[in-house]
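Following: one structure in structure tokens, then a few remarks.
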Amino acid sequence: MPSDLIYLDNQATTPLAPEAREAMLDWLSGPESPGFANPHSMHKPGRAAAAAVEVAREQVASLLPKGGRVIFTSGATEAINQAILAVPRPEGLAGIAYSAIEHSAVVNAAVASGDPLQELPVGTAGLVDPLVEFADGIGLVAVMQVNNEIGTMQPVARLAERAHEAGALFLCDAVQGAGKLFPPEGADLIAVTAHKLYGPKGIGALWVRDGVKVGPLMHGGGQEGGLRSGTLSPALCAGFGAAAALAASRMDADFQHLSGLAALARHILSRWALNGSETARWPGNLNLRLDGLNFPRLMSDCRHIAFSAGSACGSGTGKPSRVLSAIGLEPQQSRNAIRLGFGRYTTREEVERACRTIEAAALAQGA
Ligand code: PLP
């Protein structure tokens, strides 16, 4: 990355932690060392690779509740698809309820299921009311831990309880919270991904509570106990595991650091309105708007700052963000929004420089 670039897009992805990179290197070898072995082979190097995968599984499990199993996947999109498309719902309860601000992985997998759907409103704070009524026939409720666009933290423990009272399973997309917050309580299924917690891209996991039946999404060689066929990458597993172990050991320090950065940014950008709840929020995410802002011009004036409008997946489509519309913003207000995403490696000096540059550019536009 050029040294003058300030990276403030940690919801889209996080940089690889040096510890995670180091852990991967042994498993990325060429013919000179046996680290390239297939972890599903029975010979000695294969068994060594399998052992590394199991160490990583334990490390990832340490970020998740006790009493469940970790199935490695290619990322959270796959984990979410498996939870929605390959977990049998309780008898007679085919419907799926999900919050209006779920990631497209949840929404589009739910649509693809062909089952009856219910969208749960979030109000202007971007939070699902824990007393929300589920429609008749709902067998799966999906609500995320932390929203990727606006950073709001949902009352997942209470929603999981409500889902269980209705006889439904509860799926939590914990992509933005895993390794940063305690795991969501009460969930039956949890999706996580390494690249949002300073691990490598291309690996994630589905956590399944003991006793919850799950089937495979893909068919093949029967790896991961028949639940996820395909050769695992020991390097990706080791990187994910190391990133998880590091995150677990630094959770409090990371939180304090991000809280300080968010307070600094809010102070400098004090004219900007915050999108979503002021209090129930992850401090690494600030979604702010300013009347009259021309976002494409701001991006071009602040080329050395990597930040985004809405979510990385949604931006570039030209459509107002689905999440910002769900919290009641008019299309024009959505277009006036920016997302600043801080991470473990973001410095105070970078936040100060970036926010002052953004504020000066907005003022120069007359916003
Ligand atoms: N869920 C949320 C909240 C996300 O932010 C993302 C990534 O953008 C995903 C799911 C998908 O994760 P992955 O990139 O591992 O498929």
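All ligand and atom numbering here is 1-based and tracks the order in the structure.
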| query | Which of these, V146, N147, D173, N148, has its nearest heavy atom closest to atom 1 (N) of ligand 1? | reply | D173
| A76 contact mode with ligand 1 (heavy-atom cut-off under 4.0 Å) | both
| Of all the heavy atoms in K201, does at least one lie under 4.0 Å from an atom in ligand 1? | no
| request: Specify side chain, backbone, both or neither for T77, according to which of its non-hydrogen atoms lie closer than 4.0 Å to ligand 1. | output: both
| remark: Nearest heavy-atom contact between A191 and I80 is CB-CG1, 3.5 Å
| message | On a heavy-atom basis, I'd like to know which of E102, M144, H103 is closest to atom 9 (C) of ligand 1. | response | H103
| said: Between E54 and R57, does any side-chain N to carboxylate O distance fall below 4.0 Å? | reply: yes
| query | Could you walk me through whether E149 and R322 pass the salt bridge (Lys or Arg N to Asp or Glu O under 4.0 Å) check? | reply | CA-CA 10 Å; E149 284 190 51; R322 181 168 54 77; 5.9 Å; no
| said: Which residue is it: N287, N10, D9, N275? I am looking for the one with a side chain to side chain donor-acceptor pair (under 3.5 Å) to R339. | reply: D9
| said: Heavy-atom pairs closer than 4.0 Å: do any link ligand 1 to the side chain of Q176, the backbone, both, or neither? | reply: side chain
| query | Could R356 and E359 be called an ion pair, given the rule that one side-chain N must be under 4.0 Å from one carboxylate O? | reply | no
| message | Only heavy atoms of T193, strictly under 4.0 Å: list the atoms of ligand 1 that pass. | response | 15 (O)
| query | Quick one: do the S259 and Q256 side chains pair a donor with an acceptor below 3.5 Å? | reply | no
